[in-house]
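A short worksheet on the structure shown next.
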Number of protein chains: 2
Amino acid sequence: MYSIGEFSRATGLTVKTLRFYHEKRLLEPRHVDPDSGYRYYHPAQFETARAIVALRSLEFPLEDIAAILAEHTDGGNLDEGDLIEFLRAHKAEMEQRLSHYQDVAASLNQIISRELEARTAMQNANYDVQEKTVDRQLVAGYRMRGRYQDCGQGYAKIGRAFGRHICGKALMLIYDQEYKEDDADFETCLPIRKGESKGEIAVRELPSQDCIALLHKGPYDTLNRSYNKVMTYIKDRGYEILSPCREVYLKGPGMIFKGNPKKYLTEIQIPVRK
Amino acid sequence: MYSIGEFSRATGLTVKTLRFYHEKRLLEPRHVDPDSGYRYYHPAQFETARAIVALRSLEFPLEDIAAILAEHTDGGNLDEGDLIEFLRAHKAEMEQRLSHYQDVAASLNQIISRELEARTAMQNANYDVQEKTVDRQLVAGYRMRGRYQDCGQGYAKIGRAFGRHICGKALMLIYDQEYKEDDADFETCLPIRKGESKGEIAVRELPSQDCIALLHKGPYDTLNRSYNKVMTYIKDRGYEILSPCREVYLKGPGMIFKGNPKKYLTEIQIPVRK
DNA sequence: GCTTGACCCTCCCCTTACTGGAGGGCATAG
DNA sequence: CTATGCCCTCCAGTAAGGGGAGGGTCAAGC
């Protein structure tokens with residue numbers, strides 16, 4: 001028979017933990033001195049302790065461990081096969097947690113890399129009107145009608161459906177030919193790696209296009225000034241404007257904080273035929 | 001101003017939670033009626049509530065959230081960029097948990113599939129002496145000298161070093177020409193998918209070999225009876241015995257429980273030249 | 001036989017992020 | 001006058017132990 005300290009050193013469980021397991025009736029010392037209250041453990045209990053440690057390292061809750069052990073107190077011949085359903089159920093639970101942490105880690109990665117990209121975008125920013133060709137890209141889009149301020153709902157919908165496949169900056173396609181306040185026709189889009197349309201969310205590839213582009217720095221309610229610049233540029237050169245035009249939100253309200261609108265960075269892209 | 005119930009419905013946080021956040025000074029109602037103690041929230045506090053929800057969904061501890069918010073109580077223009085180091089540190093933490101759950105899920109998978117394999121092995125068992133050819137396989141081996149009962153230490157050593165690359169049943173190579181009790185020369189081996197030798201653990205490929213094999217059912221201390229059968233078979237046919245011979249532990253003491261030795265299943269494989 | 005130091009005991013509080021409930025105040029509707 | 005619906009505070013509980021106070025026990029050395 002071993003005192004609690006000896007048993008602790010032999011099993012690697014702390015004295016506190018052993019007392020706790022005694023209280024929870026998980027691992028009861030074979031003998032307790034009625035006078036002193038000292039706990040004495042039998043060598044045969046090493047095996048039980050080992051099993052508990054193994055189950056704990058697999059994150060089994062103590063309650064389940066107690067149930068498993070109690071189901072087979074008689075001989076100690078308990079076999080893993082006897083608890084295969086237990087193991088399966090627990091595995092499902094663990095996989096759920098696993099995928100939860102995958103999501104969390106992926107979100108953190110996205111936030112961080114998005115911020116870093118925004119930083120470099122900010123540094124390399126060129127606030128002149130530019131002619132450029134945008135690459136084709138796969139997006140999930142949700143078309144809506146109403147006010148631009150309500151676009152958040154659109155992004156949220158797509159985010160919920162394609163969360164972990166998002167791979168770039170949010171953008172918006174604007175189908176109106178002129179600025180509308182209350183009944184705008186637009187489509188919130190998020191670039192994704194892969195996926196298929198479901199319900200109101202359409203997945204498709206946006207084509208490569210020649211664009212006149214301009215970086216707009218500042219809050220959205222001053223976007224019109226930048227639009228004017230682009231339009232003047234286009235008219236001066238006599239290009240034909242194609243629809244829909246795009247806004248790419250290089251830096252806008254974040255996933256956590258809305259940030260300072262003065263630092264928002266938006267790229268206006270007007271597709272044209274030269 | 002919103003009562004706690006209204007604010008709760010608007011933010012999705014429960015009333016209890018809001019009171020708790022008040023106590024923790026995370027989200028203090030803008031006004032508290034001194035007479036009734038009623039809490040009243042300002043619409044501007046939606047933004048803070050949203051940020052808290054976002055940070056919580058990323059598993060940030062409340063304490064960190066409080067620190068983040070307190071660092072920038074002034075304007076609400078806090079930007080994700082301002083806390084990028086916070087995010088990085090937290091990401092590291094989350095990835096640690098992620099890999100922990102990956103380990104746990106992998107272990108559970110291994111235990112379950114091992115058990116299922118053992119079951120089919122048990123059903124398709126043929127308890128006659130057989131001539132067979134074993135496939136080559138990559139193993140990590142730890143050679144030791146002493147008593148067979150101490151082999152557990154060898155498997156533990158390999159398990160610690162190659163844990164997640166193990167891909168099959170434990171086996172043992174026996175280098176002695178005859179049975180030895182106390183000073184046996186053997187090597188504990190675990191099949192692995194990939195890996196390289198390190199320290200005392202040697203990784204190498206076991207060759208394909210022609211063997212005389214026999215399934216032994218029962219505890220290890222009755223293995224000698226099965227050995228006798230095999231040896232008789234080999235002598236009768238005049239085959240030449242090659243060294244080392246192998247024992248494959250199809251079903252033995254599990255990772256959690258030692259199980260019932262009467263159900264242990266071991267395959268004896270004696271390599272021969274015919 | 002006594003002292004000393006190591007060991008052991010119980011009991012209580014602490015952790016996280018909340019949830020549940022008891023007991024009570026206040027106002028409005030029927 | 002009662003019922004319902006808000007709201008309040010305070011207490012207790014969760015999982016799996018850890019930390020520490022205050023006090024009893026064991027074995028060895030003198």
Side-chain angles (χ1 to χ4, degrees), chain A residues 1-41 48-49 51-69 90 93-94 96-97 100-101 104, chain B residues 1-41 48-49 51-69 90 93-94 96-97 100-101 104:
Chain A
M1 301 288 263
Y2 299 90
S3 75
I4 196 169
E6 290 161 344
F7 198 73
S8 159
R9 279 186 291 276
T11 58
L13 294 162
T14 69
V15 171
K16 280 281 189 192
T17 301
L18 287 170
R19 287 203 266 255
F20 182 63
Y21 288 172
H22 180 190
E23 183 191 331
K24 291 278 165 192
R25 319 203 53 176
L26 253 179
L27 179 57
E28 303 186 72
R30 178 121 342 156
H31 173 70
V32 179
D33 188 303
D35 296 335
S36 65
Y38 277 31
R39 293 166 177 85
Y40 291 99
Y41 293 85
T48 312
I52 294 175
V53 169
L55 289 166
R56 279 300 297 146
S57 78
L58 295 171
E59 303 258 309
F60 272 88
L62 291 189
E63 198 181 343
D64 289 11
I65 298 178
I68 290 169
L69 293 178
H90 187 64
E93 173 104 1
M94 290 301 102
Q96 205 170 316
R97 288 200 206 172
H100 170 72
Y101 281 107
V104 168
Chain B
M1 301 288 264
Y2 299 91
S3 75
I4 197 169
E6 290 160 345
F7 198 73
S8 158
R9 279 186 293 277
T11 58
L13 294 162
T14 69
V15 170
K16 281 280 191 191
T17 302
L18 286 170
R19 286 203 266 256
F20 181 63
Y21 287 173
H22 180 188
E23 184 191 331
K24 291 280 167 192
R25 319 205 53 177
L26 252 180
L27 180 56
E28 303 186 72
R30 177 122 345 157
H31 174 70
V32 179
D33 187 303
D35 296 337
S36 65
Y38 277 30
R39 293 165 177 86
Y40 292 100
Y41 292 87
T48 313
I52 295 175
V53 170
L55 289 166
R56 279 300 299 144
S57 79
L58 294 170
E59 303 256 310
F60 272 88
L62 290 190
E63 198 180 344
D64 290 10
I65 298 178
I68 291 169
L69 294 177
H90 187 63
E93 174 104 0
M94 292 300 103
Q96 207 170 315
R97 290 201 205 170
H100 170 72
Y101 282 106
V104 169

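Order of the sequence lines sets the chain letters (A, B, ...), proteins ahead of strands, with each chain counted from 1.
Proximity of B/T14 to the phosphate of C/dT19: a side-chain N or O atom is located under 4.0 Å from OP1 or OP2. OP1 and OP2 of C/dC8 both lie 4.0 Å or more from every side-chain N or O belonging to A/R39. Here B/T17 does not reach the OP1 or OP2 of C/dA17: none of its side-chain N or O atoms lies under 4.0 Å away. Distances shorter than 4.0 Å separate some side-chain N or O of B/S3 from OP1 or OP2 on D/dC7.
Using a 4.0 Å heavy-atom cutoff across all strands shown, B/R19 reaches at least one base atom of the nucleic acid. Using a 4.0 Å heavy-atom cutoff across all strands shown, B/Y21 reaches sugar-phosphate atoms only and no base atom.
Between the side chains of B/E59 and B/H90, no donor N or O sits under 3.5 Å from an acceptor N or O.
Between B/R39 and B/H31 the shortest side-chain heavy-atom distance does not fall below 4.5 Å.
Nearest to the side chain of A/F20, among D/dG17, C/dG25, C/dC18, sits D/dG17.
Ring pair B/F7/B/Y2 is tilted by interplanar angle, where 30° to 60° counts as tilted.
For B/K16 and B/R56, each mapped to the nucleotide of DNA chain C holding its nearest heavy atom, the one lying further toward the 5' end belongs to B/R56.
Side-chain atoms of A/K24 and base atoms of D/dG17 include no donor and acceptor less than 3.5 Å apart.
By the salt bridge (Lys or Arg N to Asp or Glu O under 4.0 Å) test, A/E28 pairs with A/R25, sequence neighbours left out.
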